[in-house]
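Structure record follows, encoded as C-alpha cells.
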Amino acid sequence: MPQTVISVKDLSKRYSLGSMFKRTKIDALGGIEFEVKSDEPTIVSLIGESGSGKTTLAKLMLRIVEPSGGSMEVAGKKILAGKKERIRDEDLKALIQPIFQNPFEAFNSLKSVDTYLRDTAVNIRKAEGKDAIEKAMREALMAVGLRYEDVAGKYPNQFSGGELQRISIARAIIARPKLIVADEPVSMVDASLRMNIVNLFKSIRDEYKTSFLYITHDLATAYYISDYIVILYRGRVVEAGDARVVLLRPLHPYTKLLLNSVPAVGQKWSSREKMSDIETKEYRLEGCKFCTRCPDRLPECERSQPPRVDLEDGRAIYCFRYRGDGKAK
Ligand SMILES: Nc1ncnc2c1ncn2[C@@H]1O[C@H](COP(=O)(O)OP(=O)(O)O)[C@@H](O)[C@H]1O
Ligand SMILES: [Mg+2]
C-alpha cells in the first residue's frame with residue numbers, strides 16, 4: 001500500500017475583514033481536500049495566483065494559524081485535527097520544516113547564520129557533541145552546494161538572496177523532516193538562479209527522501225520539478241493529480257487558461273499585495289469561484305459548488321462540465 005504523503009480533508013480557514021460596522025468574512029480556504037499517496041518521496045506543487053489561499057495553507061500546516069475546520073495528515077501523522085488527536089508541536093517540527101519567501105526576513109541580521117543551523121542540529125536533530133553537530137551542518141551545506149568554511153561566522157548581509165535561500169534549505173534538511181513546506185521560495189531570488197534552487201529540491205528529494213510542498217504562482221518552475229499538482233482558485237481546489245497527467249492534458253477551464261499563458265520562469269501573473277474588489281467578490285460567490293471568468297460556464301456554475309469528479313487517470317477535477325469518464329458535457 002502506498003503511503004500517505006499529504007492528505008487534506010475538508011480543511012477551511014475563515015478570516016473576518018473590515019471594521020466593526022462593516023464586517024465581511026472570507027473563506028481563504030473553503031473546505032479543500034486532496035490526497036497524495038506514494039511509496040516515493042514526492043514534490044507536490046500547490047499552484048495558484050496571488051490571493052488564492054496558498055500561504056494560508058502553509059500557515060495552517062506550521063500551526064501559525066488555527067484552522068476553522070477539517071483535518072490534515074502528513075506522512076501518515078495527523079497534524080491538523082482536534083488537539084488530542086494531533087501530534088505535539090515538538091513532533092511537528094521534526095516532521096515538517098519551512099522555507100520562507102524572503103530569506104532576509106527568516107534570519108535575524110544580528111545573528112550569524114550558522115547559529116540557526118546549530119540550533120536546528122541540537123534542538124530538532126538532537127545531535128550531541130561538537131563533532132556530530134558540525135558534521136550535520138557540513139553535510140547539509142554540502143547538499144545545497146555550499147562549504148561550511150564559507151558560511152560559518154558570517155551574517156545574513158554577507159550573502160546574496162540566492163545563497164541565503166540555500167542556507168535556509170540547509171537548515172531545513174538538518175532536521176531530516178519528512179516534508180519541507182516552501183512558500184514561494186524563489187520569488188525573491190534573482191531570476192537567473194531560480195531553476196538552480198528548485199532543482200535542489202529534486203536532489204534533496206532523492207538523496208534525503210524528503211517530500212516537498214512547493215507553493216508557487218510560477219507555473220514554469222513547477223513544470224520542471226512537480227510529481228503531483230494541486231491547483232487552487234480562491235480557496236478551492238479546481239484540479240489535482242499526477243503532474244504529467246494534469247500538465248499534458250489539463251481539463252479544468254482554469255488550468256487550461258493557466259497553461260496557455262505560462263509565463264517565462266519567474267514572471268508573475270499578478271503581484272497585487274492588497275485584496276482587490278474582484279478577489280473579494282469571487283471569494284463570496286455562491287457557486288464556482290471561477291465562473292465569472294470561465295469561458296465554458298453553464299447555468300448551474302453560478303448556483304452551487306461544482307462537484308468533485310474523479311477520473312480514471314487518478315486526477316480530481318471540480319467542474320460541472322465533466323462526467324466521470326473525463327468527457328466534457
Ligand atoms: N490574516 C488575515 N486576515 C484577513 N484576511 C486574510 C488574512 N490572511 C490572508 N487573508 C486573505 O485570504 C486570502 C488568501 O490569502 P493568502 O493565503 O495569503 O493567499 P496567497 O498566498 O495565495 O496569495 C486573500 O484574499 C487574503 O487577503
Ligand atoms: Mg502567499
Side-chain angles (χ1 to χ4, degrees), residues 6 8 10-34 44-70 72 80 96 98-106 161 165 168 180-189 194 197-198 212-222 226 229-240 252 254-255 257-258 261 263 266-286 288-290 292-293 318:
I6 304 180
V8 181
D10 203 21
L11 189 64
S12 62
K13 177 65 191 175
R14 173 167 285 192
Y15 288 116
S16 296
L17 302 166
S19 67
M20 222 156 64
F21 305 104
K22 201 171 159 257
R23 270 231 173 297
T24 37
K25 294 198 164 71
I26 64 148
D27 292 321
L29 290 175
I32 63 163
E33 56 180 31
F34 62 89
V44 180
S45 290
L46 181 69
I47 302 172
E49 57 194 82
S50 165
S52 53
K54 306 183 300 296
T55 295
T56 299
L57 182 69
K59 286 183 175 167
L60 289 173
M61 293 174 75
L62 300 167
R63 292 195 193 148
I64 297 168
V65 297
E66 282 288 322
S68 308
M72 181 162 186
L80 297 176
I96 304 180
I99 298 170
F100 296 107
Q101 181 170 13
N102 185 346
F104 289 99
E105 279 174 10
Q165 200 58 304
S168 341
I180 291 177
V181 175
D183 188 2
E184 311 251 16
V186 293
S187 62
M188 317 237 348
V189 170
R194 284 186 188 142
I197 292 201
V198 294
F212 282 82
L213 182 68
Y214 173 51
I215 298 179
T216 186
H217 58 253
D218 177 18
L219 204 55
T221 48
S226 309
I229 281 186
V230 178
I231 298 179
L232 272 190
Y233 191 81
R234 301 284 178 252
R236 302 276 174 165
V237 174
V238 299
E239 186 162 358
H252 194 285
Y254 179 60
T255 319
L257 183 96
L258 284 184
S261 58
Q267 203 180 314
K268 291 191 177 186
W269 282 298
S270 137
S271 54
R272 295 159 308 143
E273 285 294 306
K274 278 190 76 182
M275 182 146 118
S276 70
D277 291 345
I278 298 178
E279 197 178 317
T280 324
K281 222 159 116 194
E282 287 186 345
Y283 260 116
R284 301 177 71 193
L285 289 173
E286 281 284 311
C288 175
K289 311 289 177 194
F290 186 58
T292 54
R293 280 168 68 182
Y318 292 77

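We count ligands from 1, going down the list as the structure has it; atoms in each ligand are counted the same way.
The contact set between ligand 1 and S50, taken as ligand atoms under 4.0 Å from a residue heavy atom, comprises 23 (O). Near I26, the atoms of ligand 1 lying under 4.0 angstrom from a non-hydrogen atom of the residue are 11 (C), 12 (O), 13 (C), 25 (O). Short contacts between ligand 1 and S52, defined as distances under 4.0 Å to a heavy atom of the residue, involve ligand atoms 19 (O), 20 (P), 22 (O). Every atom of ligand 1 with a heavy atom of T55 under 4.0 Å away is listed here by number and element: 17 (O), 18 (O), 20 (P), 21 (O).
In this model, a donor atom of one side chain and an acceptor atom of the other lie less than 3.5 Å apart for R293 and Y233. When only modelled atom types and interatomic distance are considered, T55 and D183 share a side-chain donor-acceptor pair under 3.5 Å. No side-chain donor from either of Y283 and T24 sits under 3.5 Å from a side-chain acceptor of the other.
Within the 4.0 Å heavy-atom criterion, the part of E49 lying near ligand 1 is the backbone and not the side chain. When heavy-atom distances to ligand 1 are checked against a 4.0 Å cut-off, L17 comes that close only through its side chain, counted from C-beta outward.
Shown are the protein N/O/S atoms under 2.8 Å from the Mg ion (ligand 2), given by residue and atom: T55 OG1.
For the side chain to side chain donor-acceptor pair (under 3.5 Å) test, no residue two or more places apart in sequence or in another chain qualifies with N102. Under the rule for a salt bridge (Lys or Arg N to Asp or Glu O under 4.0 Å), K289 has no partner lying at least two apart in sequence or in another chain. Remark: E66 pairs with R86 by the salt bridge (Lys or Arg N to Asp or Glu O under 4.0 Å) rule, at least two apart or across chains.
Annotation: side chain of H252 is not in contact with side chain of I231 (no heavy-atom distance under 4.5 Å).
For Q165 against P185, the heavy-atom pair with the smallest separation is NE2-O, 2.8 Å. Nearest heavy atom pair, residue L29 against residue G53, reads CD2-O, 3.7 Å.
Looking at S16, A28, G48 and measuring to atom 12 (O) of ligand 1, the nearest heavy atom belongs to A28.
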Do L11 and L57 pass the side-chain contact (heavy atoms from CB on, under 4.5 Å) test, and can you show the C-alpha distance, the side-chain angles, and the key distance before you say yes or no?
CA-CA 9 Å; L11 189 64; L57 182 69; 3.5 Å; yes
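Taking any N or O of Y283, backbone or side chain, none lies under 3.5 Å from an N or O belonging to ligand 1.
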